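Some notes on the structure that comes next.
Bear in mind that the values here come from a model prediction, so they are computed numbers and not experimental data.
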Amino acid sequence: QVQLVESGGGLEQAGGSLRLSCAASGGTFSSYAMGWVRQRPGKEREFVAAVRSSGNTYYTDSVKGRFTISRDNAKNTVYLQMNSLKPEDTAVYYCAASRSSFAVREYDYDYWGQGTQVAVSS
């Protein structure tokens, strides 16, 4: 069983930056595809970004060029660097792990963190 704990959320102004971190335990971190999924107010969960065990990355179109996902297998941690934040990025951000090597949809994920709130003011 994999446990995931997110940190780094908060309130930021539009145009600012935040970095989310997710610490994993209880599994073989390097073998999992890791991702970030968000749930905006009143919306369904949506895929944001993923990084495969190989290091290949994938992004939803709305965050390309602004967000960067990365992983540190030595620290069992995945990050989401969010730059040029927009009010529409306001959401609860969930870290997730997938036993599949390719996970670019929210329902591809097997393990979930508790979520961290990101609020972007205009």
Side-chain angles (χ1 to χ4, degrees):
Q1 188 75 5
V2 177
Q3 291 82 44
L4 303 171
V5 178
E6 302 99 335
S7 61
L11 175 64
E12 183 58 71
Q13 291 184 335
S17 298
L18 285 172
R19 188 173 87 150
L20 306 183
S21 300
C22 172
S25 61
T28 306
F29 178 80
S30 60
S31 69
Y32 293 108
M34 299 298 298
W36 291 92
V37 175
R38 68 186 179 187
Q39 187 164 19
R40 294 186 276 187
K43 304 288 187 182
E44 299 286 322
R45 286 189 183 185
E46 60 177 349
F47 167 80
V48 175
V51 55
R52 300 178 72 168
S53 56
S54 63
N56 289 348
T57 57
Y58 305 88
Y59 300 91
T60 192
D61 287 346
S62 63
V63 308
K64 284 180 181 176
R66 300 188 299 121
F67 290 11
T68 302
I69 188 171
S70 61
R71 66 190 298 161
D72 185 336
N73 289 338
K75 295 182 178 180
N76 288 359
T77 301
V78 63
Y79 305 97
L80 185 68
Q81 178 66 43
M82 304 186 294
N83 298 330
S84 301
L85 283 163
K86 302 177 180 180
E88 52 263 43
D89 294 320
T90 294
V92 177
Y93 284 73
Y94 296 92
C95 173
S98 174
R99 293 189 297 265
S100 172
S101 63
F102 187 68
V104 293
R105 299 165 298 186
E106 60 277 12
Y107 48 84
D108 288 331
Y109 290 91
D110 304 295
Y111 306 103
W112 294 82
Q114 81 286 354
T116 186
Q117 177 72 53
V118 170
V120 184
S121 62
S122 57

Evaluation steps, side-chain contact (heavy atoms from CB on, under 4.5 Å), between Ser31 and Ser53 = CA-CA 6 Å; Ser31 69; Ser53 56; 5.8 Å; no
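- A salt bridge between Asp61 and Lys64 is present, with a side-chain N of the basic residue lying under 4.0 Å from a carboxylate O of the acidic one.
- Tyr111 and Arg99 are linked by a side-chain donor-acceptor pair at a separation below 3.5 angstrom, with hydrogens and angles left out of the test.
- Leu18 contributes atom CG, which lies 9.0 Å from atom OG1 of Thr116 (distance to the nearest 0.5 angstrom).
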task = Before giving the answer on side-chain contact (heavy atoms from CB on, under 4.5 Å), spell out for Val118 and Leu20 the whole-Å C-alpha distance, their side-chain angles and the decisive distance to 0.1 Å.
result = CA-CA 9 Å; Val118 170; Leu20 306 183; 4.0 Å; yes
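- Side-chain atoms of Gln117 come within 3.5 Å of backbone atoms of Ala91 as a donor-acceptor pair (strictly under, hydrogens ignored).
- With hydrogens and angles disregarded, no donor-acceptor distance shorter than 3.5 Å links the side chain of Glu106 to the backbone of Val37.
- Considering all non-hydrogen atoms of both residues, Leu85 and Arg66 come closest at CA-NH1, 3.9 Å.
- Here the straight-line distance linking atom SG of Cys95 with atom CE of Met34 works out to 4.0 Å at 0.5 Å rounding.
- Cluster annotation: Tyr59 and Val48 are assigned to the same hydrophobic cluster (Ile/Leu/Val/Met/Phe/Trp/Tyr, side-chain heavy-atom contacts under 4.5 Å, transitive).
- Arg45 has its side chain within reach of Trp112: a pair of non-hydrogen atoms, C-beta onward, lies under 4.5 Å apart.
- Atom CD in Gln3 sits 11.0 Å away from atom SG in Cys22 (nearest 0.5 Å).
- With values rounded to the nearest 0.5 angstrom, Asn83 atom CG is found 10.0 Å from Glu12 atom CD.
- The pair Arg40-Glu46 meets the salt-bridge criterion, since a charged nitrogen lies less than 4.0 angstrom from a carboxylate oxygen.
- The minimum heavy-atom distance linking Asp110 with Ser100 is given by the pair OD2-N, 4.4 Å.
- Between the side chain of Thr90 and the backbone N or O of Val120, at least one donor-acceptor pair lies under 3.5 Å.
- Thr60 is not listed as a side-chain neighbour of Phe67, based on a closest heavy-atom distance of 4.5 Å or more.
- Judged purely by atom type and a 3.5 angstrom limit, Thr28 has no side-chain atom pairing as donor or acceptor with the backbone of Ser30.
- For the pair Arg105/Phe47, no side-chain contact is recorded, criterion being any heavy-atom separation below 4.5 Å from C-beta on.
- In terms of heavy-atom proximity, Ser122 sits nearest to Pro87 at CB-CG, 3.8 Å.
- Formation of a donor-acceptor pair under 3.5 Å by the Arg52 side chain with backbone atoms of Phe102 is not found in this model.
- Ser98 contributes atom OG, which lies 12.0 Å from atom OH of Tyr107 (distance to the nearest 0.5 angstrom).
- Stacking of Arg71 on the aromatic ring of Tyr32 is not recorded, the 6.0 Å distance cut-off and the 45° axial limit not both being met.
- Closest non-hydrogen pair, Ala50 versus Tyr109, comes out as CB-OH, 3.3 Å.
- The two atoms that bring Arg38 and Ser62 nearest to each other are NH2-OG, 3.5 Å, heavy atoms only.
- Taking OH from Tyr94 and CG from Leu4, the interatomic distance works out to 13.0 Å, rounded to the nearest 0.5 Å.
- Closest non-hydrogen pair, Val78 versus Phe29, comes out as N-CZ, 4.1 Å.
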